[in-house]
Amino acid sequence: MPELPEVETTIRGLAPFLQHATIKEVILKRKNLRFDFEKNFAKKLEGQEIINISRRAKYLLFSLSNNDTLISHLGMSGSFKIIKDFANHQAKKHEHVIFSLHHQEYKNLTLIYTDPRRFGFMDISSDISNNRFLAKLGVEPLSNHFNTAYLVEQFKGRNLPIKTALLDQTIIAGLGNIYVCEALWQARIHPKTPIKSLIDKNNKPDERLEILVPAIISILNQAIKAGGSSLKDFTNANGEQGYFQHSFDVYGRTNQPCNKENCSGIIKKITQSGRSSFYCDKCQNKPVDLEL
DNA sequence: ACTTTGACCTGTGCGC
DNA sequence: TGCGCACAGGTCAAAG
């Protein structure tokens, strides 16, 4: 479910409750999510103060007072919620991890991790730069390391459809299916376009790549902004985190008209490397020399 | 080394 | 209404 903006929104929502809270007890309702929890998972966390929480790609990072980091990925369906009155909390299905916290201002808080599909996972690392999940991630799209020169560097000598390349977390860390579809639509690039056709012989980026980079940045920033405004109730009774339902320009809009001004195209849906791609059959130029 | 495919799970919504 | 099937916003590991 969550892509970079949803994870960023989660971090911002949790931060006021978790920063400087102490983990009193961790209860695992099952032995695994996507992977088994490591031995002594709960013990390693109990007694630690959460110094800071931050995001890397789609991972949440909880920095602890002993310099360990609790790393959490939400998979497709994971979410966190904060409960202020756990005594009266009705346990729901798929609540897999319960963190009992003490917070100076809010006193007793409970952080609950819910994940129906259990594609999420958690890991504790003493050295995040060498962590198996984090070490090979590519650039943050909202950092200034992300630019067309970087993409050229990454793309040259390889051949993938642009859609696949943008989903590759070792190239750009944090993009997911929705925002990739949206960004390609904005830049008018067909999702099947081979990346080598976006770079010329002299390693000069095609002008569509020059459009794509700012498109990605602005889409992510808009989504974070929208998420922030839907975040008011992080601790409400249902505790549900309420991922904002944007209206997207292409994602999920099969057979509907293209939203680009003066475009009479229709949104099509295709499958690429097992995932759905949505694109406008008119304004997202069909790659030359490619059977579609 | 690069690219593709399969696997991991449950819930939901659609057609019949 | 019930059933079966396709599909869902992710990523790792194994196979090509």
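All chains are named by letter (A, B, ...) in the order of the sequence lines, taking the proteins before the strands, and each is independently numbered beginning at 1. The figures that follow rest on heavy atoms only: side chains count, while hydrogens, waters and symmetry mates do not.
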C1'-based separation of B:dT3 from C:dG9 [nearest Å]: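 To the nearest whole Å, 23 Å.
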Start and end of chain A contact along DNA chain B [non-hydrogen atoms, under 4.0 Å]: B:dT3 to B:dG11
Can you say whether the rings of [X] and [Y] are parallel (under 30°), tilted (30 to 60°) or perpendicular (over 60°)?
{"X": "A:F121", "Y": "A:F133", "value": "tilted"}
{"X": "A:Y251", "Y": "A:F278", "value": "perpendicular"}
{"X": "A:H96", "Y": "A:Y113", "value": "tilted"}

[X] near the nucleic acid: base, sugar-phosphate alone, or nothing, with a heavy-atom cut-off under 4.0 Å?
{"X": "A:L167", "value": "nothing"}
{"X": "A:R158", "value": "sugar-phosphate"}
{"X": "A:N159", "value": "sugar-phosphate"}
{"X": "A:F133", "value": "sugar-phosphate"}

Just how far, in rounded Å, is [atom2] of [N] from [atom1] of [X]?
{"X": "A:Y59", "N": "C:dG10", "atom1": "OH", "atom2": "C1'", "answer": "9 Å"}
{"X": "A:H73", "N": "C:dC12", "atom1": "NE2", "atom2": "P", "answer": "7 Å"}
{"X": "A:I172", "N": "C:dT11", "atom1": "CD1", "atom2": "P", "answer": "13 Å"}
{"X": "A:L166", "N": "C:dG10", "atom1": "CG", "atom2": "C1'", "answer": "16 Å"}
{"X": "A:Q272", "N": "C:dA8", "atom1": "CD", "atom2": "C1'", "answer": "17 Å"}
{"X": "A:E6", "N": "C:dA8", "atom1": "CD", "atom2": "C1'", "answer": "14 Å"}
{"X": "A:F119", "N": "C:dA8", "atom1": "CZ", "atom2": "P", "answer": "13 Å"}
{"X": "A:I270", "N": "C:dC7", "atom1": "CD1", "atom2": "P", "answer": "14 Å"}

Going by atom types alone, do [X] and [Y] pair a side-chain donor with an acceptor below 3.5 Å?
{"X": "A:K269", "Y": "A:S277", "result": "no"}
{"X": "A:K24", "Y": "A:N108", "result": "yes"}
{"X": "A:N177", "Y": "A:K163", "result": "yes"}

Paired nucleotide for B:dC9 [Watson-Crick or G-U wobble; both distances under 3.5 Å]: none
Is the phosphate of [N], meaning OP1 or OP2, less than 4.0 Å from a side-chain N or O of [X]?
{"X": "A:R34", "N": "C:dA13", "value": "no"}
{"X": "A:Y251", "N": "C:dG9", "value": "yes"}
{"X": "A:K269", "N": "C:dA8", "value": "yes"}
{"X": "A:R275", "N": "C:dG10", "value": "yes"}

Nearest-0.5 Å distance that lies between atom CG in A:D281 and atom SG in A:C263: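 Taking CG in A:D281 and SG in A:C263, the distance rounds to 7.5 Å.
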Pairwise distance CG(A:D127) to OG1(A:T69) - rounded to 0.5 angstrom: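 Result: 9.0 Å between the selected atoms.
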Position toward the 5' end of DNA chain C (nearest nucleotide), A:R117 or A:K136: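 That would be A:R117.
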